[in-house]
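For reference, the structure discussed in these notes is given below.
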Amino acid sequence: NYTVEERARILKCQSSFAQEWGQYNGWLFMEASGEDGGALDWANTAAEDRRWFVKRLVETMSEKETDSRLRALEALVYLVLGCWHETAGLTQGGSGQFCRGKGKQKTDEPEQDIRTLELDTSAAIPLSPRSKALEEQFSKSRTQLHWIKSNVGTLFECGGLQPVFNLVRESCFRECADDLTREGMTVVQREAEQREAWCALTVFYFCLEVSRACEEGERQLAMRAEILRLEPNLLIFFCDVTNKLRWDDAIQLHAILYKI
């Protein structure tokens, strides 16, 4: 269950995605609701276009300008949440196409990606007991779960894990630092910093969870290898932050660090 504040942030992430996605496609006007003929349909976009868009978001995350960096980060949150506005509660038809939204098709050629491959090979590859249990438990979220895994995988492919980790570290240590110059910050600036910390931690959490739950051997090893290559070491970072939280009750990171 989400708190009122989290619901507001999640809706803001969808709005930021709509804005970034619209600019990427060269649309002058962008309906954040996504009801204008399925213009927000990420699932119906060619895989190469999805990768280029994620690369653009990753590059924007390194900018010094707070608004642009935060908007790109919020768009990534929407993606790693499985494009919930498009996919929540969706089912799949026998043809392998998702059953809602017309979408903006980038190509006339059918795309042979993971969606089709999963359907083509599902009969040949038996599911493990764990997979069967998860399939039953999350049967109504199957499409959204697929896009959570797919979009996190795209983020890994685009080299986005280290930039996200950098923002996680910056956000956490900024909260832990005893910087007197930050006492003069406005409410808007403070709220933007908290949103950035929440977004960075959310994206990073999904990266860790997808790599943990992935059952494809080579893909799982590649994801875990990427995590092990993070600089500085992830375990050392967790120990540093835990040490600071343990001895300083004034640090306001507890409410967002519970995920990790």
Side-chain angles (χ1 to χ4, degrees), residues 1-2 6 9-10 13 42-43 47 50-51 54 57-58 61 73-84 87-88 113-115 117-118 121-122 125-172 197-243 245 253-260:
N1 295 327
Y2 294 110
E6 283 183 317
R9 286 176 175 172
I10 289 173
C13 289
W42 178 260
R50 295 198 300 266
R51 281 191 290 269
V54 172
L57 294 180
V58 170
M61 283 194 302
L73 194 54
E74 288 173 335
L76 274 178
V77 171
Y78 176 77
L79 291 177
V80 301
L81 287 176
C83 302
W84 58 266
T87 62
D113 63 4
I114 189 172
R115 289 172 289 165
L117 293 175
E118 283 182 345
T121 60
S122 58
I125 302 176
L127 294 175
S128 65
R130 177 177 176 275
S131 296
K132 289 181 180 178
L134 291 174
E135 189 83 9
E136 295 175 0
Q137 182 179 0
F138 300 107
S139 59
K140 294 184 179 180
S141 303
R142 182 180 179 186
T143 303
Q144 187 176 1
L145 286 171
H146 161 77
W147 283 106
I148 288 174
K149 297 175 184 178
S150 177
N151 292 337
V152 168
T154 302
L155 181 61
F156 270 84
E157 292 172 7
C158 295
L161 185 63
Q162 184 67 56
V164 170
F165 183 52
N166 292 341
L167 286 179
V168 167
R169 292 180 61 251
E170 291 174 10
S171 299
C172 290
W198 180 85
C199 288
L201 284 164
T202 298
V203 174
F204 193 63
Y205 166 76
F206 272 86
C207 290
L208 296 180
E209 277 297 290
V210 169
S211 65
R212 181 189 64 83
C214 181
E215 294 186 344
E216 302 174 33
E218 292 184 3
R219 187 180 182 88
Q220 184 186 59
L221 290 176
M223 286 182 168
R224 293 184 176 183
E226 193 73 20
I227 292 172
L228 291 174
R229 284 195 294 266
L230 289 174
E231 292 291 342
N233 182 270
L234 180 60
L235 182 58
I236 294 176
F237 163 70
F238 281 155
C239 290
D240 287 342
V241 173
T242 302
N243 182 56
L245 291 174
L253 274 175
H254 301 79
I256 54 179
L257 274 176
Y258 74 92
K259 291 187 180 71
I260 297 180

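By convention here, the first residue in the shown sequence is residue 1.
- Remark: Arg212 CZ to Cys214 SG distance equals 11.5 Å, nearest 0.5 Å.
- The only option from Ile227, Leu155, Leu208 that meets the side chain to side chain contact (heavy atoms under 4.5 Å, CB included) definition with Leu161 turns out to be Ile227.
- Listed by first and then second residue, the side-chain hydrogen bond (donor to acceptor under 3.5 Å, both in side chains) pairs that reach into residues 152-163 are Gln162-Asn166, sequence neighbours excluded.
- Scanning all heavy atoms of the two residues, the minimum distance from Pro163 to Val58 falls at CG-CG1, 3.9 Å.
- Taken from CZ in Phe165 to SG in Cys207, the straight-line distance is 12.0 Å, to the nearest 0.5 Å.
- For the pair Arg9 and Glu6, the salt-bridge criterion is not met [side-chain N within less than 4.0 Å of a carboxylate O].
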Less than 3.5 Å apart, which donor and acceptor atoms pair up between the side chains of residues 231-242 and the rest of the protein, not counting sequence neighbours?
| unit_1 | atom_1 | unit_2 | atom_2 | d |
| --- | --- | --- | --- | --- |
| Asn233 | OD1 | Leu235 | N | 2.9 |
| Asn233 | OD1 | Ile236 | N | 3.3 |
| Thr242 | OG1 | Phe238 | O | 2.7 |

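- The shortest side-chain heavy-atom distance between Val203 and Leu79 does not fall under the 4.5 Å cut-off.
- Side-chain contact check for Asn151 versus Trp42: some heavy-atom pair is nearer than 4.5 Å.
- When all heavy atoms of Cys199 and Glu74 are compared, the closest pair comes out as SG-CG, 3.6 Å.
- Nearest heavy-atom pair across Ala200 and Val168 is O-CG2, 3.4 Å.
- Closest approach of Phe206 and Leu81 over heavy atoms only: CZ-CD2, 3.4 Å.
- Counting only distance, with no hydrogens or angles, the side chain of Ser171 and the backbone of Leu167 share a donor-acceptor pair below 3.5 Å.
- Residues passing the side-chain contact (heavy atoms from CB on, under 4.5 Å) test with Arg229, sequence neighbours excluded: Ala225, Glu226.
- With contacts defined as side-chain heavy-atom distances shorter than 4.5 Å, the pair Tyr205/Leu201 does not qualify.
- Using a distance-only test at 3.5 Å, with no hydrogens or angles considered, no donor-acceptor pair links the side chain of Gln144 to the main chain of Trp84.
- The backbone N or O of Gly82 sits less than 3.5 Å from a side-chain atom of Thr87, completing a donor-acceptor pair.
- Results of the side chain to side chain contact (heavy atoms under 4.5 Å, CB included) test with Thr202 over Leu73, Val77, Leu76 single out Val77 as the only residue that passes.
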